[in-house]
Every structure is written in C-alpha cells, then in structure tokens.
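Here the structure is a predicted model, which is why all the values come from computation and not from measurement. Atoms within each ligand, like the ligands themselves, are counted from 1 in listed order. The figures here come from the full heavy-atom set of this structure, side chains too, leaving out hydrogens, waters and symmetry mates.
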Amino acid sequence: MTIELPPLPYALEALEPHISRETLDFHYNKHHSAYVKKTNELVKDTPHAGKSLEELVRTVEPGPLFNNAAQVWNHAFYWHSMSPQKTSLSGKLAEAIQRDFGSEEEFRKVFSQAAMGRFGSGWAWLVKDGGGKLSVVSTPNADNPLRDGKQPLLTCDVWEHAYYIDYRNARDRYVEAFWNVVNWDFAARNYGANEVELPRDEGLRKTG
Ligand code: FE
C-alpha cells in the first residue's frame with residue numbers, strides 16, 4: 001500500500017498569528033510531505049511493504065524507515081492537536097486531568113516543561129496508559145509513545161522546523177503559543193476512544 005499525505009485539517013493561515021502560514025507551508029508541504037515520500041521509497045520491497053502506517057510505527061525496527069514512517073504519523077497527529085477554533089477542556093478528560101495532574105494549570109506546566117526540556121529534536125505528548133491513567137512524556141526525534149504501549153491524546157512538535165521561522169530560537173514562546181491553538185476536543189475524543197482516532201478518520205489505516 002502507498003502511504004498518503006493526509007490532508008491538513010485547516011487552511012495554511014488558519015493558526016495565525018500564533019503559527020504563521022509560512023511555517024505551516026514549510027512544515028506541511030515540505031517536511032511532512034518529504035517524510036511520506038521517503039517512507040514509500042524505503043518500505044518498497046521490504047517485508048514491511050503492505051503494512052498500514054500505524055503498523056509501521058508499531059513494528060518497524062529502529063532506523064530510517066521507522067523514523068520516516070513515525071514522522072508521517074506524528075505530524076498527522078500534531079495537525080489535529082491544534083485548531084483554529086477555540087476549544088476548552090471539559091468532560092471526562094477534564095476529570096482525568098484533575099485526578100492525575102491536580103489541575104489544568106499544573107498539567108499545562110508539566111507539558112510545557114516536557115516540551116521545553118527535550119534536548120534537540122522531538123515531541124511532547126499527553127498519553128493514556130492501558131489503565132486509563134494520564135501522563136506526559138517527551139520523545140526524541142521520531143519516537144512515538146505507541147511503541148511503549150501508551151496511547152497519544154495530544155502532541156506538540158518541538159523540532160526547530162516547527163518554530164524557527166516564527167520564533168527563531170525562542171522555543172518557550174512557541175510552546176506558549178501552542179496553548180492558544182490547542183485542540184482539547186481532539187484530546188477528549190482520543191481519551192474516550194480505545195484507540196487513537198486520527199489515523200482512522202484520516203485514512204491512514206487503509207489497507208490494500
Ligand atoms: Fe515537524
């Protein structure tokens with residue numbers, strides 16, 4: 001099967017002024033698109049050919065194919081972790097955040113610290129374990145919490161390409177801006193689901 005570039009769920013300029021059109025244009029049309037192209041090149045004629053994107057992320061040994069496939073998945077998940085519509089934390093996810101972090105404010109602090117504290121390139125994640133308990137993790141480079149049996153609910157990309165055009169080296173200003181566009185509705189849907197929803201509704205699990 002061919003891995004496809006999933007559609008960006010909003011217009012390139014939709015997250016302005018927090019994230020510019022230029023950033024999204026490079027990030028989606030150049031970086032994300034290149035990971036898709038590279039994944040398809042690398043998977044060809046290997047025992048992994050024919051696997052869905054999520055299967056690749058779960059099963060491919062560390063190396064270039066894993067890195068590219070995981071970056072396809074991670075970026076698709078990241079686009080949905082943000083929204084031009086203002087959303088707020090409510091319902092069962094709000095209760096779980098209260099239970100596992102003490103408050104929404106405390107959660108934001110822990111998540112921001114994970115994003116800020118990741119040395120070099122990587123990702124900050126809100127995840128749910130098999131028992132439904134929430135935690136924040138950060139992963140280096142392309143790594144994804146699915147590899148550790150944790151279900152992602154929300155992510156922030158902290159590779160420099162995510163913020164350098166808008167904020168130069170000020171990752172802290174980018175992470176602050178992320179909270180202005182955070183998509184709580186997406187996180188809440190993932191919390192309520194047994195599996196993350198995005199890869200399914202974006203056609204990323206298509207087989208054949
Ligand atoms: Fe990125």
K.L.:
What I want to check is whether the side chains of Asp166 and Ser20 have a donor and an acceptor closer together than 3.5 Å.
P.N.:
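Ser20 and Asp166 do have a side-chain donor-acceptor pair below 3.5 Å.
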K.L.:
Side chains of Trp159 and His31 only: does a donor on one sit below 3.5 Å from an acceptor on the other?
P.N.:
no
K.L.:
When you measure from the side chain of Thr46 to the backbone of Val43, do you find a donor-acceptor pair of N or O atoms at a distance under 3.5 Å?
P.N.:
yes
K.L.:
Answer yes if the side chains of Asn144 and Asn74 hold a donor-acceptor pair under 3.5 Å, and no otherwise.
P.N.:
yes
K.L.:
Listing by chain and number, which protein N, O or S atoms are under 2.8 Å from the Fe ion (ligand 1)?
P.N.:
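Checking every protein N, O and S atom gives His27 NE2, His75 NE2, Asp157 OD2, His161 NE2.
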K.L.:
Show your reasoning for whether ring pair (Phe, Tyr, Trp, His ring centres under 6.0 Å) applies to Phe186 and Phe77.
P.N.:
CA-CA 10 Å; Phe186 177 63; Phe77 196 78; 4.9 Å; yes
K.L.:
Among all residues two or more places apart in sequence or in another chain, which pass the side chain to side chain donor-acceptor pair (under 3.5 Å) test with Asp157?
P.N.:
His27, His75, His161
